[in-house]
2 protein chains.
Amino acid sequence: MATSKLDEIDRHILSELQSDGRMTNVALAEKVGISAPPCLRRVRALEDAGYIKGYHADVDARELGFEVQVFAMVGLNSQAESDLAAFEQRCRDWSLVRECHMLNGEIDFILKCVAPDLSSFQSFLTGQLLTARNVASVKTSLVIRVAKDDPGVPFDVLEARLAKTA
Amino acid sequence: MATSKLDEIDRHILSELQSDGRMTNVALAEKVGISAPPCLRRVRALEDAGYIKGYHADVDARELGFEVQVFAMVGLNSQAESDLAAFEQRCRDWSLVRECHMLNGEIDFILKCVAPDLSSFQSFLTGQLLTARNVASVKTSLVIRVAKDDPGVPFDVLEARLAKTA
DNA sequence: GGTGAAACTTGGGACAG
DNA sequence: CTGTCCCAAGTTTCACC
C-alpha cells in the first residue's frame with residue numbers, strides 16, 4: 001500500500017495541514033513533536049511525492065453570490081473511450097462545473113455545478129450541457145442545504161486501519 | 001448581493017488564495033497590486049466576515065490508500081425537519097462521509113464517501129447507513145475516475161456577471 | 001533527526017492623501 | 001478609510017553535526 005512509505009509523523013503532518021493549511025511550519029513542527037527544519041523537509045517531500053497536491057482557501061460560495069449548487073447526473077450515448085475523454089474535456093472547460101466524476105451503473109457521470117442563480121444555471125444547462133455532443137440524458141437535483149462539506153480524507157479511518165494490521 | 005461589499009481587489013485576493021492558499025502575504029500583495037500591510041488587513045477582514053472559511057492542504061486520497069470513492073443517493077421515510085436534522089447529524093458523525101447535501105426531487109440526500117477499499121465501504125453501507133433509522137433506500141455509485149475536482153467557485157463567472165451589470 | 005545563523009516575512013505603529 | 005514607509009519579533013530555510 002502507498003501509505004507504507006509514510007510514518008506516523010508524516011500522517012500527522014498531512015492531517016494537520018488538511019485541517020489548517022496555513023499553519024506556520026514552527027506550529028506544525030511543535031504539533032507533530034519534531035523541530036522546524038526536519039518538519040519542513042518532510043512537508044517538501046510530501047509535496048514533491050504528490051501526497052499534497054496543493055493548498056486552497058475555502059471560500060464561502062453563497063456569501064460570494066453563488067446561490068445555486070446543482071448535481072447533474074449525465075448519461076451518454078457512446079461510452080467509447082474517446083467519447084468519454086471528449087466529454088470530460090468539455091467539463092474541464094466549463095467553469096460552472098467544479099467536479100466531474102465518472103461512475104459505474106446507469107449514470108455515466110455526476111457533475112457538481114455552482115452558479116450565481118437559477119437562471120444562469122438553466123442557461124448553462126439548456127445552452128451547453130444538454131446540447132453537447134453525445135449527451136443522452138441529464139437529470140439535475142438542486143442542493144437545498146449542505147449538512148456536511150469536509151475536504152480531503154478521514155485520517156481516523158486510516159489510523160484505525162493501520163492499528164488493525166499492526 | 002453579498003458581493004457588492006467587495007471591490008475588485010478583494011475578489012482578486014479571494015481568487016488567488018483559492019488557487020494557492022499558502023501564498024505569502026507579500027506575494028499576494030504584489031499579485032493584486034497593493035502593498036503588504038493593507039493586503040493583510042483585507043485578508044483578515046475577509047476571514048472575519050466569513051468569506052474565507054479556512055485553509056486546507058489538498059491531499060491525494062488514492063496515494064494515501066483511499067482507493068474507493070462512492071456517491072450514495074439516500075431516500076428517507078420521513079422528511080419532517082427533526083428527522084432530516086437527525087440524519088444530517090449522523091452523517092457528520094460518520095467520517096467516511098465527507099459531504100452530505102440535501103437535494104430536491106426524488107432523492108433526499110446525496111453523500112460523497114471515501115474508503116480504503118470496497119469491503120470497508122460495504123461494511124459501512126450494510127452496518128451503518130442501511131440500518132440507520134429512517135433510511136428508506138440507498139443507491140450507490142462507485143467513482144471509476146475523476147475527470148475534474150476543482151475546489152471553490154469559478155471567479156471568471158463572477159467577473160463576467162459583474163461586468164454585465166456594470 | 002537537531003543546532004545555529006542569515007534572509008525573509010509578518011504585522012504593528014506612525015503618518016500622508 | 002486606504003495606502004506607504006519603517007521596524008521589531010517571529011518564521012523560513014540554509015549549511016553543518
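All values derive from a computational prediction rather than experimental measurement. The sequence lines fix the lettering, A, B, ..., with proteins before strands; numbering per chain opens at 1.
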Would you confirm whether [X], through its side chain, and [Y], through its main-chain N or O, come within 3.5 Å as a donor-acceptor pair?
X        : Y        : result
B:Glu88  : B:Cys100 : no
A:Arg90  : A:Gln128 : no
A:Asp58  : B:Lys53  : no
B:Lys148 : A:Trp94  : yes
A:Arg62  : A:Glu67  : yes

Self-check item: A:Glu16: which of A:Arg22, A:Lys31, A:Arg11, A:Arg42 passes salt bridge (Lys or Arg N to Asp or Glu O under 4.0 Å)
Solution: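 With A:Glu16 as partner, salt bridge (Lys or Arg N to Asp or Glu O under 4.0 Å) holds for just one option, A:Lys31.
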Quiz item: Reading DNA chain C 5' to 3', which nucleotide is the first, and which the last, to come under 4.0 Å of any heavy atom in chain B?
Solution: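 Listing 5' to 3', DNA chain C meets chain B from C:dT9 to C:dG12.
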What is the distance from [atom1] of [X] to [atom2] of [N], rounded to the nearest Å?
X       : N      : atom1 : atom2 : result
B:Met23 : D:dT12 : CE    : C1'   : 17 Å
A:Arg22 : D:dT11 : CZ    : P     : 14 Å
B:Asn25 : D:dG10 : CG    : P     : 18 Å
A:Leu40 : D:dA15 : CG    : C1'   : 14 Å

Quiz prompt | Minimum heavy-atom distance B:Leu129-B:Val138, with the two atoms named | solution =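 In terms of heavy atoms, the two residues are closest at CD2-CG1, 3.9 Å.
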Exercise. Report whether A:Val143 and A:Met73 are members of the same hydrophobic cluster (ILVMFWY, side-chain heavy atoms less than 4.5 Å apart, transitive linking).
Key: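 Both belong to a single hydrophobic cluster.
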Practice problem: For nucleotides 1-8 of chain D, just jot down a letter per nucleotide in 5' to 3' order: B, S or -, based on protein non-hydrogen atoms under 4.0 Å. | Solution: --BBB---
Quiz item: Looking only at side chains, do A:Asp93 and A:Gln89 share a donor and an acceptor under 3.5 Å apart?
Solution: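 A pair is found: one side chain offers a donor N or O, the other an acceptor, under 3.5 Å apart.
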Practice problem: Find the distance between CG (A:Leu28) and CG (A:Leu17) and round it off to the nearest 0.5 Å. | Solution: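 Result: 5.0 Å between the selected atoms.
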Quiz item: If we fit an axis to the first five pairs and another to the last five of the helix from C:dG1-D:dC17 to C:dG17-D:dC1, what angle do they make, to the nearest 10°?
Solution: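 Answer rounded to 10°: the end axes differ by 30°.
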